[in-house]
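Below is one structure; the comments refer to it alone.
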Amino acid sequence: MPEFNIDKIRAAFPILSREIGNKPLVYLDSGATAQKPKAVIDRLTHFYEFENANIHRGVHYLSMNATTEYDEARETIAKAIGAPKVEEVIFTRGATESVNLVSNGLSETLVEGDEIVLTLMEHHANFVPWQILAEKKGLTLKFANVTDTGEIDMEHWKSLFSSKTKLATFTHVSNALGTINPVKEMTAFAKDKSDALVLIDGAQAVPHGKVNISDLGCDFYVFSGHKVFGPDGIGILWGRGELLNAFQPFQSGGDMIEHVSVSGTTFRQIPERFEAGTPNISGAIGLAAAFDYMENEVGWEAAEAHEQSILKYATERLSEIEGLHIRGTAPDKVGVISFTMDSAHPHDIGTILDTCGVAIRAGHHCAQPLMEHYKIAGTARASLAFYNNREDIDALITGLEKVQRFFG
Amino acid sequence: MPEFNIDKIRAAFPILSREIGNKPLVYLDSGATAQKPKAVIDRLTHFYEFENANIHRGVHYLSMNATTEYDEARETIAKAIGAPKVEEVIFTRGATESVNLVSNGLSETLVEGDEIVLTLMEHHANFVPWQILAEKKGLTLKFANVTDTGEIDMEHWKSLFSSKTKLATFTHVSNALGTINPVKEMTAFAKDKSDALVLIDGAQAVPHGKVNISDLGCDFYVFSGHKVFGPDGIGILWGRGELLNAFQPFQSGGDMIEHVSVSGTTFRQIPERFEAGTPNISGAIGLAAAFDYMENEVGWEAAEAHEQSILKYATERLSEIEGLHIRGTAPDKVGVISFTMDSAHPHDIGTILDTCGVAIRAGHHCAQPLMEHYKIAGTARASLAFYNNREDIDALITGLEKVQRFFG
Amino acid sequence: MDDLDDLYQEIILSHNKRPRNEGELNPHDHEAEGYNPLCGDRLQVYVRGGSDQIEAVQFTGEGCAISRASASMMTESVKSLGGAELEAKIAEVLQILTAKEEPTVDPFEMGELAALVGVRKFPPRVKCATLAWHTLQAALRDKNSISTESDD
Amino acid sequence: MDDLDDLYQEIILSHNKRPRNEGELNPHDHEAEGYNPLCGDRLQVYVRGGSDQIEAVQFTGEGCAISRASASMMTESVKSLGGAELEAKIAEVLQILTAKEEPTVDPFEMGELAALVGVRKFPPRVKCATLAWHTLQAALRDKNSISTESDD
Ligand SMILES: Cc1ncc(COP(=O)(O)O)c(C=O)c1O
Ligand SMILES: Cc1ncc(COP(=O)(O)O)c(C=O)c1O
């Protein structure tokens, strides 16, 4: 593996050399979607220019080859995330679809009065599906509070478990605050205290360091490809085989059936069971290329160390700004910095930074329950990836000084 | 628009100049997935290298720009397919998901005893979801027979309608036989005879000529991007707005909600209602590029005329082969030629052709009910697009002669 | 920089800092809540009187500088209007904010509201500026809530 | 061409054209249906006797040259085998078809079955060749049906 050289890394991401207006792009919105290295873009191009075919049913070379590559992509990803069995890795459109698949699957077995333990820091993707299911089935949702530093209030969370708890679900990393939750300990507690299934939303965890699912003890783990330097329209649901195979299919159609006739249809086992129709073949292959890139060209540890150093620098610099409040100050954080300013609304901050070429998010970050909890409408959020550097933070600070000139 | 020049057209598809083994690729499997012109591949590359961002919630330039491009992609596609209202065009993963979305939506309103009229030539994607729904809800499915020439037996189909018919669904073009069904007349009959909703599966129609949805009178129309020269992982559901807005959401999460709180959630209208989570942004933009390419660089009429001329040539040449039977001989056909040979099984045909660089499908083409009807296990299928030429057919014939040498 | 100065004109910044007519209006005859689901901003508009003749308008709620300034200016500019005159005023503002073509704004006639035209260069912010006006319309029609997403 | 000649060896083509032991076996003690969902092929295998001692095996069904030839050769090669010997024969064939490493095949010992090794160069066809053998296993275990997809 080459040494971690931030300039070389940045050169591998074509978009990072573009300008916005006439200012260099400062991309601090990786929490929304990550940028793609040339390795991933080239992989997609190569597939479409040279290898494109549908999978599974073909006896011709291109189709066999595409099938092999699709299968190998699953293997690569399974290995990268420590999935114990390859077939337990299901390709979906993204984290949102993955959660929906599980909530649909559980709708067959959960019954009135059953309880689900969530937290107030869930992204809508891991919140609304459960709310809808709860309404349909008469389930009770219980939400763990969040502390002032932006951590799950563990005592409160633990107090929510009962013999009726059938599912505990929590985000690995908060997209709005950056907090890394102690998911391994939480899973152990949930398993010890109840026979709840555990679903972890890893959408914001996977881009920031190596995740080993086997190590976590959970039953389901979900994430999106586009946030982990992979292509759009692809995501992962990992789940225990015996649970997934007991689910009714989520969608139905070609490839997921064993035999179809007018009198009845039988379904295949995982992974095909949940991959009805033509999947996003190039998306799967591109996502595997992203993991390959991270493993072989960058190194997760070096990436994480670099990101943490930038996070530290950014936190220091931002703390110097008067009237600026960082929301989410947990000791264990990824490179996500949400903040509010006394003088300016997040939207105005975002607009002014944009004129400086600095891309951040402003708003509720699909975490309205959390915002309500903090009694704020939203925050400005700068979110990092390993390709950010100190100059990015300096540009952010310069931009915030401009905000103060207008609103100070 | 430039004149239709087949050599120039072929040069626009990079994969068509590759070799398989040391034979030039002869791609006769466009029914499974179509090849992509450079215009589409370049559009994807440009997006990822220069424009990549998440949509909707951003105040920064890249995000606004991606949002605009995503919205414009929807407009381009709406216009290309004659959708009366832009917001009625929903982005899905593909035709399979589109059908599942509708079957899920209808599950709220259909009740025991309601009837659905289908045909025996449906692809599994437009069959299994209805079968599952029927089982769940106690609906009756009625299947129209297919004639020896591979057309829907219209008298039989008409006889299936009753006052209980709530949905009529049929494929625009049969993927296994190539038959173009008279969908406009069928829709008119269904609407006249019942108050059934009409869903048309356009997956195999859209790649072969300009479709104007407004003209058809149907309620839902579905297709896949990858079959119409666009990227993987993207597809379209078009549906009447008042019907779609009355559906419960299919998946839930970010972007499709109006307001989320612990006490309840309200959902947005179409199209966002059905686009939970981060969509396949580049997929949507790439699909629009495919339609642009067809409209502006090729011309649908010229493409169709050329494909029909190759179909005619292929049909003539294949008919000369003794013991070869074309399945599907309707007068109105797209460039799909299914056939069986007395001497050789489709699988063996496919393998031998593959060694000649000729890519075809062998099998049931996800149309098992149709195969059962014909009492065959499968066919060999050569499927054309406008980029095929006579040389492709000559190579197919040469390959079939080789099949006869082994099995004759 | 130019565009930004157009957006955050002194007049906007001043209305944002010291909005006129902020606070619940009691008693009131009409009220509505406006909501921008993309950023989470909410705005309540209270009206005494009605479409025929507005006596007073006040607002409460959270929002960015643009939405607060727009709300503040709105409360001042529609006070004591009614009938066709009121309709014309609302239409005029929405027009300069959302019309496809660059509007010709007569600052003499439009007064402070002319400052809103700078928002046009920031398309995602247009909804911030229109929110107060849409909410006023909703209040006058006794529609209790509107959302920028379902409304335009 | 070479690979294709390896696949469709004379022996395969001849078994395909004139399969031995085709047709339902009556009476029989065991039967199973094998199914390849990808191509839709089905195969029935009928056994008289059992794992201890096979007396006769016959098959019916549709399939490609490879699956028919493999079934035909299977019926011949396991007839009158039993116990460990039978198990070893089945294992040997599955081994030469699916082992990761190129198998060393002794044509003298393997007899006609050695012809199946040519299938290895055509990965999607391997399931055609194994189907009969898996179905035989299923029949002997009184598992009524197997599918190539759930089985390997
Ligand atoms: C007629 C028809 N409908 C639906 C589909 C399903 O399309 P997809 O697999 O892209 O979802 C196909 C694909 O083969 C088809 O041919
Ligand atoms: C924590 C978390 N979970 C889930 C999601 C949903 O991901 P997607 O929109 O890719 O489905 C996100 C995306 O923002 C997220 O941050």
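Residue numbering restarts at 1 for every chain, and letters A, B, ... go by the order of the sequence lines.
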Cut-off 4.5 Å, heavy atoms of chain A, and the answer for B:L25 is side chain
Cut-off 4.5 Å, heavy atoms of chain B, and the answer for A:P231 is both
Cut-off 4.5 Å, heavy atoms of chain B, and the answer for A:I360 is backbone
Next item on the list: May I ask you to decide if the ring planes of A:H60 and B:Y27 are parallel, tilted or perpendicular, using 30° and 60° as cut-offs?
Entry: perpendicular
Cut-off 4.5 Å, heavy atoms of chain B, and the answer for A:M371 is neither
Greatest number of non-hydrogen atom pairs under 4.5 angstrom with chain A, of B:Q251, B:K36, B:H124, falls to B:Q251
When the 4.5 angstrom heavy-atom criterion is applied to A:S224 and chain B, the contacting part is neither
Heavy-atom nearest pair, B:C366 first then A:G254, reads SG-CA, 3.9 Å
Between B:R93 and A:T92, a side-chain donor and acceptor under 3.5 Å: no
Note: vs chain A, highest number of non-hydrogen pairs under 4.5 angstrom among B:P369, B:G350, B:S282 is B:S282
d(B:I20 CD1, A:Y61 OH) to nearest 0.5 Å is 6.5 Å
Within residues 95-103 of chain B, contacts to chain A at heavy-atom distances under 4.5 Å involve B:T96, B:E97, B:N100
Any donor-acceptor N/O pair, A:N52 side chain to B:A34 backbone, under 3.5 Å = yes
| task | Before giving the answer on side chain to side chain contact (heavy atoms under 4.5 Å, CB included), spell out for B:F47 and A:I41 the whole-Å C-alpha distance, their side-chain angles and the decisive distance to 0.1 Å. | result | CA-CA 10 Å; B:F47 179 79; A:I41 303 171; over 6 Å; no
Looking only at heavy atoms, the pair that brings B:G253 and A:V128 closest together is N-CB, 4.2 Å
Correct closest heavy-atom pair for B:D354 and A:M64 would be OD2-CE, 3.5 Å
Rounding to 0.5 Å, atoms CD1 (A:I281) and OG1 (B:T33) come to a distance of 6.5 Å
Taking the side chain as C-beta and beyond, is there a heavy-atom pair between B:I15 and A:L62 under 4.5 Å? yes
### Message
Quick one: does any side-chain atom of A:D232 pair with a main-chain N or O of B:G283 as donor and acceptor, under 3.5 Å?
### Response
no
One should read off an interatomic distance between B:F250 CZ and A:F250 CZ, to the nearest 0.5 angstrom, of 5.0 Å
Discussion item. One thing to verify: whether B:K38 and A:E49 come together as a salt bridge, which I'm taking to mean a side-chain N less than 4.0 angstrom from a carboxylate O.
Written reply: yes
Honestly, the part of B:T45 sitting under 4.5 Å from a heavy atom of chain A is both
Value for CG (A:N280) from NE2 (B:H226), rounded to nearest 0.5 Å, stands at 10.0 Å
Turns out that what part of A:F267 lies under 4.5 Å from chain B's heavy atoms comes down to side chain
Chain A shares the most heavy-atom pairs under 4.5 Å, among B:G94, B:G21, B:A359, with B:A359
Turns out that what part of A:Q35 lies under 4.5 Å from chain B's heavy atoms comes down to both
Comparing A:P14, A:A367, A:A134 against chain B, the one with the most heavy-atom pairs below 4.5 Å turns out to be A:P14
Residues passing the side-chain hydrogen bond (donor to acceptor under 3.5 Å, both in side chains) test with A:S30, sequence neighbours excluded, are A:Y387
Between B:Q131 and A:S252, does the side chain to side chain contact (heavy atoms under 4.5 Å, CB included) criterion hold? Intermediate values first, please. CA-CA 10 Å; B:Q131 199 173 39; A:S252 56; over 6 Å; no
Okay, A:F50 and chain B: the region with an atom under 4.5 Å from a heavy atom over there is both
**OP:** Any chance you could lay out the side chain to side chain contact (heavy atoms under 4.5 Å, CB included) test for B:Y48 and A:V40, step after step, and finish with the verdict?
**Re:** CA-CA 9 Å; B:Y48 283 129; A:V40 168; over 6 Å; no
